[in-house]
Amino acid sequence: MQTQEILRILRLPELGDLGQFFRSLSATTLVSMGALAAILAYWFTHRPKALQPPCNLLMQSEEVEDSGGARRSVIGSGPQLLTHYYDDARTMYQVFRRGLSISGNGPCLGFRKPKQPYQWLSYQEVADRAEFLG
């Protein structure tokens with residue numbers, strides 16, 4: 001009895017009503033809904049995963065002992081300076097080319113006018129513009 005009252009209060013249809021609703025739909029509508037559900041399921045399972053940052057973004061540096069307040073990056077494992085993060089990207093050009101290859105031609109540079117949304121240039125557009133400039 002309580003379930004029926006809760007459904008009535010929330011105005012949710014009972015299972016019999018849902019069955020009647022789906023039986024009243026045309027075959028084309030049901031196939032379209034199934035296709036949409038399949039596409040959404042595929043996208044949720046295959047969407048790109050977010051890249052993990054190399055360190056905690058809320059604690060990117062630490063104070064060096066006995067230095068009077070000097071700080072150093074937590075990315076490096078020791079007191080040596082960090083010269084590169086990826087072995088295949090030691091120069092800015094190599095970093096750009098690495099971004100082009102791993103981003104799948106994703107957004108690279110964004111710009112906007114005041115009170116307007118960002119407009120993005122893809123990695124390939126930036127690479128083409130750099131080549132044309134050169």
Full working for side-chain contact (heavy atoms from CB on, under 4.5 Å) between Trp43 and His46
CA-CA 5 Å; Trp43 182 79; His46 290 83; over 6 Å; no
Worked verdict on Asp88 versus Gln94 for side-chain contact (heavy atoms from CB on, under 4.5 Å):
CA-CA 7 Å; Asp88 63 340; Gln94 291 171 339; over 6 Å; no
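In this structure the side chain of Met33 reaches within 4.5 angstrom of the side chain of Leu25, judged on heavy atoms.
Nearest approach of Cys55 to Val74, heavy atoms of both residues: CB-CG2, 3.7 Å. Summarising the geometry of Val64 relative to Ser67, their closest heavy-atom pair is O-OG, 2.7 Å, with the distance given to 0.1 Å.
Take Ser26 and apply the side chain to side chain donor-acceptor pair (under 3.5 Å) test, not counting sequence neighbours, and it matches Thr29. For the ring pair (Phe, Tyr, Trp, His ring centres under 6.0 Å) test, no residue two or more places apart in sequence or in another chain qualifies with Tyr93.
Annotation: Lys115, atom NZ; neighbour count of heavy atoms from other residues, nucleotides and ligands within 6.0 Å does not exceed 12. Residue Arg129 places its CZ atom among 12 or fewer non-hydrogen atoms of other residues, nucleotides or ligands, all under 6.0 Å distant.
Leu109 belongs to a hydrophobic cluster whose other members, connected by ILVMFWY side-chain contacts under 4.5 Å either directly or through intermediates, are Phe96, Leu100, Phe111, Leu121, Tyr123, Val126.
Of the N and O atoms on the side chains of Asp128 and Gln124, at least one donor lies less than 3.5 Å from an acceptor on the other residue.
Looking only at distances, no side-chain donor or acceptor of Gln116 sits under 3.5 Å from a matching main-chain atom of Lys113. Here the side chain of Glu131 pairs no donor or acceptor atom with the backbone of Ala127 at under 3.5 angstrom.
Atom CZ of residue Arg98 and atom CG of residue Asp87 lie 9.5 Å apart, to the nearest 0.5 angstrom.
Under a 4.0 Å N-O distance rule, the pair Arg71/Glu62 does not qualify as a salt bridge.
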